[in-house]
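The structure appears below as structure tokens.
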Amino acid sequence: MTRTTLRTHRCGALRAADVGQRVRLGGWVHRRRDLGGIVFLDLRDRDGLVQVAVGPGWASPDLVFRAQTVGTEAVVVVEGEVVARPPAMRNSELATGDVEVHATAFQVVGPAETPAIPVARGKGDELPAEELRLKHRHLDLRRPELQANLIMRHRLAQRARRVLSELDFLEIETPILTKPTPEGARDYLVPSRVHPGEFYALPQSPQIYKQLLMVAGFDRYFQLSRCFRDEDLRYDRQPEFTQIDIEASFVTQDDVLAIVEAVLVALWDEAGHRIERPFTRLSWRDAMERYGTDKPDLRYDFEIKDFSRWAKTDGKIVGEAVRQKLEGKDARLRGIVVPGGAAFSRKDIDRLSQEVKQVGGWGPAWVKRQGEQVSGSIAKDADVETLGALGVRDGDLALLTVGADQVTSPALDKVRREVIRRLAPAPKAAHALCWVVDFPLFEPDPETGKPVFAHHPFTSPHPDDMDKLDSDPFACRALHYDAVYNGNELGSGSIRITDPAIQRTVFRHLGLSPAEVDARFGFLLTALAAGAPPHGGFAIGFDRTAMLLVGAGSMRDVIAFPKTTAARALFEGAPAPARPEDLAALHIKVVPPHE
RNA sequence: GGGGCUGUAGCUCAGCUGGUUAGAGUGCCGGUCUGUCACACCGGAGGUCGCGGGUUCGAGCCCCGUCAGCCCCGCCA
């Protein structure tokens, strides 16, 4: 199916079975080896490389000359015969290495200037600086690694579409020009020309639209939806990204989890990995207690333990300073026992301290047990027997911190991750997928302490906690769930509120007046009142999933044209100042920043 | 918004305690070469040391500012 008027095969597709065929190939000159009388060209396309030999036995002197002078990265069309290479000249590192093409016609159809960054790389050569790779993206994208990434991304997208279609989901598009939603991330705004002073927003997600589709009776919807959030970026966060967005009606949480599991199993299978269903389930509270994070990496142990009891009753293990801290409200002494951790150097432990301090934690206090010897920052308060009772064996290290869970959990999460990084133990499994469920509905605002929504305001409270909505909001759980893979959040979802009265109550908790609610979300409330089926859904972060499945170091390596961490597009130079006449037509006046 | 790292030839990098004419590999250009596959060998060209200012007899190197890229914190309902 790759045959066209101008070519018969892809370069990288030729095999021993093609020997004897006359072929016409189109591709890029990857490398040239000019031996004087004979010239070898590696010709590249998206399928791979094939060696083209241009020698006097079959090619005219003029043809040889053209092969000698063609530049790397030029596009050429070559005609010739596929020939088996003599056994000694086969190249086992090349998929096409058993054959070569003896060129009898040779045309440079796309001459190329010397490339600004190299496409072909020798073994051990470093990549060009990422700034240059992004600036010359058309060249960087020629690299076989990036081509493989984008090819895999395509396969994952198609597989997701196939699985969901087979499960009777309908792919439906939702608007890109939508309404600003003042909660959550910052919106990208688009000025309206015909309505001076009014703006569309690009969607942060199609959340409300997919709920409207449920109300409309479409029952099962999905979309590979583009989403936009104007927030600061990371290696795994781009301002525009793609979600596998899913919503279904007449479902419970278990139904949604089963659907998402089916999709994820298929995606991992597409990438050549077998994963087991059902995934482990973990309550949010358990995850925070045992791993200090809502996205635990379950490939490893090193669970967090509560040592408060020991500090309080026994008086050993820790000194007076810690005991005083334990008097504080909600304070606990928690820590991690690291089997074999006694081998950690002072430098290793300093590094752990830095991690803890970065998140505002205390310590950690540490103690090593080596034979009868006990050493460390709290060695004078601990002895071999007590440590033994705590599960600290010979050769182990215990790391402890004290404080409220909001501080100790992230601190111990950092410690645990750093310990795993440092020890690099063999993982229990290569692919640890799990569900984190029963998230809290509210979390305290870091400044005011008042309840704010932990997720989006359409998430249904847990039916068992409905009565706590007013009396004890922080104890109220949500029907919200995250999918976590090896310590990475793949996506999240929830069962939605379908009762307009509950939805209004929830908005009231957000501090929105009825008037504001009507202005912002009136159309949703109207829809819910028009006969809404119970529904819920999920969104899988597609770029991040692709990144993890191809083993890329950054999301930029699975996106054809990504932005920099400053949200710039270096290739085309976006964003850019608008022309004054364009601004005038949009009724916009630019106010330069002060200072 | 805050912090860290990086910026020297087209590309990847070295450049000592501040010292005289800034180097290497690769790519590029020219030459030799009929079995290479990172071809080999010979020769050559190629520099706004990110940008601006300062200190100094003298700055690639020290100081201040600034720009860009990357990483982290905040942020990402």
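Labels below follow one simple rule: chain letters A, B, ... track the order of the sequence lines, proteins then strands, and each chain is numbered from 1.
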**Message:** In whole Å, measure the gap between the C1' atoms of B:A40 and B:C72 for me.
**Reply:** 47 Å
**Request:** For the pair A:R416 (side chain) and A:D297 (backbone), establish whether a donor and an acceptor sit closer than 3.5 Å, ignoring hydrogens and angles.
**Result:** yes
Exercise answer: donor-acceptor pairs, residues 74-85 of chain A side-chain atoms, under 3.5 Å, sequence neighbours excluded:
residue: A:E79; atom: OE1; partner: A:R24; partner atom: NE; Å: 3.3
residue: A:R85; atom: NE; partner: A:G97; partner atom: O; Å: 3.4
residue: A:R85; atom: NE; partner: A:V99; partner atom: O; Å: 3.0
residue: A:R85; atom: NH1; partner: A:M89; partner atom: O; Å: 2.9

**Item:** Span that lies between the C1' atom of B:G19 and that of B:G15, in whole angstrom
**Value:** 14 Å
**Message:** Suppose we define a pair by two distances each less than 3.5 Å, Watson-Crick or G-U wobble; what does B:U21 pair with here?
**Reply:** none
**Prompt:** Using the P atom in both, what is the distance from B:C41 to B:A9, to the nearest Å?
**Reply:** 25 Å
**Prompt:** In B/S/- notation, 5' to 3', how is nucleotides 27-35 of chain B contacted by protein heavy atoms closer than 4.0 Å?
**Reply:** -S----BBB
**Message:** Quick check: on RNA chain B, is the nucleotide nearest A:L570 upstream (toward 5') of the one nearest A:G124, or the reverse? Name the residue that is more 5'.
**Reply:** A:G124
**Message:** Under 3.5 Å for both donor-acceptor distances, Watson-Crick or wobble: does B:A40 have a partner, and if so which one?
**Reply:** B:U32
**Request:** When you get a sec, tell me which of B:A38, B:C72, B:C37 is the closest nucleotide to the side chain of A:R33?
**Result:** B:C37
**Prompt:** Taking any strand in view, what nucleotide pairs with B:A68 in a Watson-Crick or G-U wobble way, both distances under 3.5 Å?
**Reply:** B:U6
**Prompt:** Are the aromatic rings of A:F507 and A:F521 close, with centres under 6.0 Å apart?
**Reply:** yes
**Asked** So which one's nearest nucleotide on RNA chain B is more toward 5', A:T564 or A:A129?
**Response** A:A129
**Asked** For A:R31, which contact category applies under a 4.0 Å heavy-atom criterion: base, sugar-phosphate, or nothing?
**Response** sugar-phosphate
**Item:** Base partner of B:C49, which must satisfy Watson-Crick or wobble distances under 3.5 Å
**Value:** none
**Asked** In whole Å, what separates the P atom of B:G7 from that of B:U12?
**Response** 11 Å
**Message:** Taking the minimum atom-to-atom distance to the side chain of A:P128, which one of B:C11, B:C70, B:C76 wins?
**Reply:** B:C11
**Request:** Assign A:L49 to base, sugar-phosphate, or nothing according to its heavy-atom contacts below 4.0 angstrom with the strands shown.
**Result:** nothing
**Request:** Output the distance between atom CD (A:Q207) and atom OG1 (A:T174), rounded to the nearest 0.5 Å.
**Result:** 11.0 Å
**Prompt:** Between the base of B:C76 and the side chain of A:R237, is there any donor-acceptor pair under 3.5 Å?
**Reply:** yes
**Asked** So what does A:T459 hit on the nucleic acid, given a heavy-atom distance under 4.0 Å: a base, only sugar-phosphate, or nothing?
**Response** nothing
**Item:** Watson-Crick or G-U counterpart of B:C62, or none if no pair lies under 3.5 Å
**Value:** B:G54
**Prompt:** Just wondering, do A:R32 and A:V39 contact through their side chains at under 4.5 Å, heavy atoms?
**Reply:** yes
**Asked** Looking for any heavy atom pair under 4.0 Å, which part of the strands does A:R556 touch: base, sugar-phosphate only, or nothing?
**Response** sugar-phosphate
**Asked** Within the structure shown, what part of the strands sits under 4.0 Å from A:L127 by heavy-atom distance: base, sugar-phosphate, or nothing?
**Response** sugar-phosphate
**Prompt:** Can you check whether A:Y291 and A:W284 have ring centres sitting under 6.0 Å from each other?
**Reply:** no
**Message:** With a 6.0 Å cut-off on the ring centroids, do A:Y221 and A:Y209 count as close?
**Reply:** no
**Prompt:** A:F442 and A:F453: aromatic ring centres closer than 6.0 Å?
**Reply:** yes
**Prompt:** Base, sugar-phosphate, or nothing: which does A:F458 touch, judged by heavy atoms less than 4.0 Å apart?
**Reply:** nothing
**Message:** Say we look at B:C63 and B:G27: how far apart would their P atoms be, to the nearest angstrom?
**Reply:** 38 Å
**Prompt:** If you take atom types as modelled and just measure distance, does the side chain of A:R186 reach the base of B:G1 with a donor-acceptor pair under 3.5 Å?
**Reply:** no
**Prompt:** Just checking A:A88: base, sugar-phosphate only, or nothing, at a heavy-atom cut-off of under 4.0 Å?
**Reply:** nothing
**Asked** Looking only at N and O atoms, is any donor in the side chain of A:N91 or the base of B:C37 less than 3.5 Å from an acceptor on the other one?
**Response** yes
